[in-house]
2 protein chains.
Amino acid sequence: MAPRKKQAPDSTTTSPVSMADLARELGVSMTTISRALSDHHSIGPAMKQKVLKLAKKYNYQPNRLASALRKGKSQLLGIVVPYIEGRFFPSVVHGIETAASRAGYNVIICQSNEDVAQERRNLDILLSAQVAGILVSLSRTTLDFRHFEKVRGRGLPLVFFDRIVEGDNVNAVVLDDQEGGYVSTRHLLNQGCRRIAHLAGPQHLNIYKNRRQGYLDALREAGLPEDESLILYSDMAQDQGAEGMRQLLALPTPPDGVFAAGDYCALGALQEAHRQGLRVPEDVAISGFSNETFTVITQPPITTIDQRCEEMGQAAVRLLLELIEADGRPFTPRQVALRPELLVRGSSDRLPPAPAGPLRDPSAKFIGTVA
Amino acid sequence: MAPRKKQAPDSTTTSPVSMADLARELGVSMTTISRALSDHHSIGPAMKQKVLKLAKKYNYQPNRLASALRKGKSQLLGIVVPYIEGRFFPSVVHGIETAASRAGYNVIICQSNEDVAQERRNLDILLSAQVAGILVSLSRTTLDFRHFEKVRGRGLPLVFFDRIVEGDNVNAVVLDDQEGGYVSTRHLLNQGCRRIAHLAGPQHLNIYKNRRQGYLDALREAGLPEDESLILYSDMAQDQGAEGMRQLLALPTPPDGVFAAGDYCALGALQEAHRQGLRVPEDVAISGFSNETFTVITQPPITTIDQRCEEMGQAAVRLLLELIEADGRPFTPRQVALRPELLVRGSSDRLPPAPAGPLRDPSAKFIGTVA
DNA sequence: TTGTATGCGTTATCAT
DNA sequence: ATGATAACGCATACAA
């Protein structure tokens, strides 16, 4: 037998109202109730009103479990991220939740803690929960991708974001890092810099490789030589930025601009420049990458690249919804590369103020958006 | 009729395996399968092994929807937060997800966007989803709490965190702000400060009122006078911190310590002190509140109060699980106040280094933990 | 120890 | 336009 209806443990507790209850009360069938509530075409407007009114009166809440079980699909999307901290992932999740809830979906969130095993378990859980689709950003320890085949095997829509499985047979959304490096460097060129250094990250990571490539692209386009002595590699920490700046300033001809592939690194560089009595941006212009929160509170604030976290989440959801709607019909996998956004701030803005106009108002948070 | 089994849209797609499938294959009843999988006592070890093996072979995934529908309770917890951004909420959510998943629950996350209407809708959705319990941090526009009665009416466990409904008939977890103010001020006293100013926040907000009270408590305990000229009120923004510091330094007898009720405010104060050529912490010691990310990257790093975001999430989950396990039996509501943690950093640490010992190692991230 | 039968709440099919 | 009924997958009371 079914478990006895959960009784009111105390008299204040009410048990939920079901369609059957409404049907009984109105003396009609459950079918009619269901149709009225889901706005089926073959339902009399009078009847529909009666049902809706009663539903409201009893504060009827559809049981989504039952509905999903019957239909074989829930209104839930699964998210798997390495963790929910820092600036990046929370913002992406924010974007995802916002877009999903607008489309009538809710999200169930899982952390892999950078652990493949946990990532695998998360996928199993999400499959169990009968989610309608899954959004994944890979854990750092994920080198083998077979567990995702299980998802594909189920025909379940799957979209990667940021940390993706490479290849053109997956659906994925990433930031265009190369464009970011390019735009940053072009900006420094536009500010009059002619000797631009690059504080680069580990080149086995795609993001850093691409940012460096964008930097080189801009230099080449401007007809400037590629000078390896101006490219310093590190892990992008604050003190490594300082150390890098120290080395650059010790060169026979120090640079007049520095493109750092990360904000912490840029911060270290900025602080070191100040320590050496240089003015930023007049003596050396600096730009970073990622739009970390602190970049607006330094003096001067640091020019940087926004990674469009929210847009990434939204784009990922859009793609996932397309897949869901395709409902198993052939769908050509797509990789989306988001345009990074350059935020010009004090650390690099050294052109004379333009003739009065709102865009160059110094109080404006940022100027210059890549279209 | 049921919808035809979702057919393989292409030949690579497999439909999920159900208990019935396993039962058929083994020539036993579904009951046996169910019992074997849920480790029921009345099941033969031999049979159990057979079932488990087959389940693995077919990669059986229980359908949690069906299970939850049958049992009337899902393994889902609902979270309602104003938004998932900044430092605080993501960290709390991190703590919640971690604790929940350890206990075998998954979380479905909703944002209210500081909007009561949205908050109400979120609650309805979570009720619809048959979650086992709900965790809420109130939206800023929530002044009327009737929508939570609906949850209580359903007998559904409910725990508030951080932004809570005041009263002793609710379950809630908050940070002990008064203790935070007290500990910060005591620390400044211990550093030799004798004239301690307070950059206070809007006093209609409990958090700021309590932080101020803690400050006063510490002063009184130390036998120092309460001096209103040393308390400046603002909205706690960076530039207001700078302005506050300016005013304080213009006093006939400027303070030798400043307890700011927020980190941005403390940062502004720090920058202003530097502008005026003062040394921090030698001339004036400064401490903030919230352990914002940037507090470790300033020079000197800023002493602050950690709000124990993760612990808050974990504590909230623990409380919620207790409620769930109580299963409707009488439960005396509980309010938990978390101990804030003082992080002593360069902006206030001006005692001579103690005789060599790991605790005073300058490379240590923080020193001095409130037990 | 195992099997039979039923119901959780919803929706889809078929009939009226 | 409305109703009767079965089925989604699982778990349990009861019988054997």
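Proteins come first, then strands; the chains are lettered A, B, ... in the order of their sequence lines, and each starts at number 1.
For the side chain to side chain donor-acceptor pair (under 3.5 Å) condition, the pairs that include at least one residue of residues 123-141 of chain B, sequence neighbours left out, are B:D124-B:K150, B:S139-B:T141, B:S139-B:T142.
Counting to the nearest Å, the C1' atom of C:dT2 and the NE2 atom of B:H41 are 12 Å from each other. Here C:dT11 presents its P atom at 11 Å from CD of A:Q75, a figure rounded to the nearest Å. Taking atom CE on A:M19 and atom C1' on C:dA12, their separation rounds to 12 Å, with Å as the unit. Between A:L37 atom CG and D:dT2 atom C1' there is a gap of 15 Å when expressed in whole angstrom units. The CZ atom of A:R70 sits 16 Å away from the P atom of D:dT5 (whole-angstrom rounding). Distance, B:R64 CZ to D:dG9 C1': 14 Å, rounded to whole Å. With rounding to whole Å, B:H40 atom NE2 is found 12 Å from C:dT2 atom P. The nearest whole Å value for the distance from the CG atom in B:L22 to the P atom in C:dG3 is 14 Å.
Both B:G27 and B:L69 lie near DNA chain C, and the one whose nearest nucleotide falls closer to the 5' end is B:G27.
No side-chain donor-acceptor contact under 3.5 Å links A:N169 and A:R152.
A:I43 comes within contact range of the sugar-phosphate backbone alone, with a heavy-atom separation under 4.0 Å but no base atom that close. Within 4.0 Å (heavy atoms only), A:L65 reaches no atom of the nucleic acid at all.
Among the nucleotides C:dT2, D:dA1, C:dG9, the one closest to the side chain of A:N63 is C:dG9. Of the candidate nucleotides C:dT10, C:dT2, D:dG9, C:dT10 has the atom lying nearest to any side-chain atom of A:S18.
Using a 4.0 Å cut-off on heavy atoms, the residues of residues 28-36 of chain B that approach DNA chain D are B:M30, B:T31, B:S34, B:R35, listed by number.
Although no hydrogens or angles enter the test, the distance criterion places no donor-acceptor pair under 3.5 Å between the side chain of A:D115 and the main chain of A:S112.
The shortest distance between side-chain heavy atoms of B:H41 and B:R35 does not fall below 4.5 Å. Within the 4.5 Å cutoff, side-chain heavy atoms of A:V93 are placed close to those of A:I109. Proximity of A:N171 to A:L158: side-chain heavy atoms (C-beta onward) are nowhere separated by under 4.5 Å.
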Q) Run the salt bridge (charged side-chain N to carboxylate O under 4.0 Å, His left out) check on A:E114 and A:R163 step by step: do they pass? A) CA-CA 11 Å; A:E114 304 283 17; A:R163 304 210 207 147; 3.0 Å; yes

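At least one side-chain nitrogen or oxygen of A:S67 sits closer than 4.0 Å to the OP1 or OP2 atom of C:dT11.
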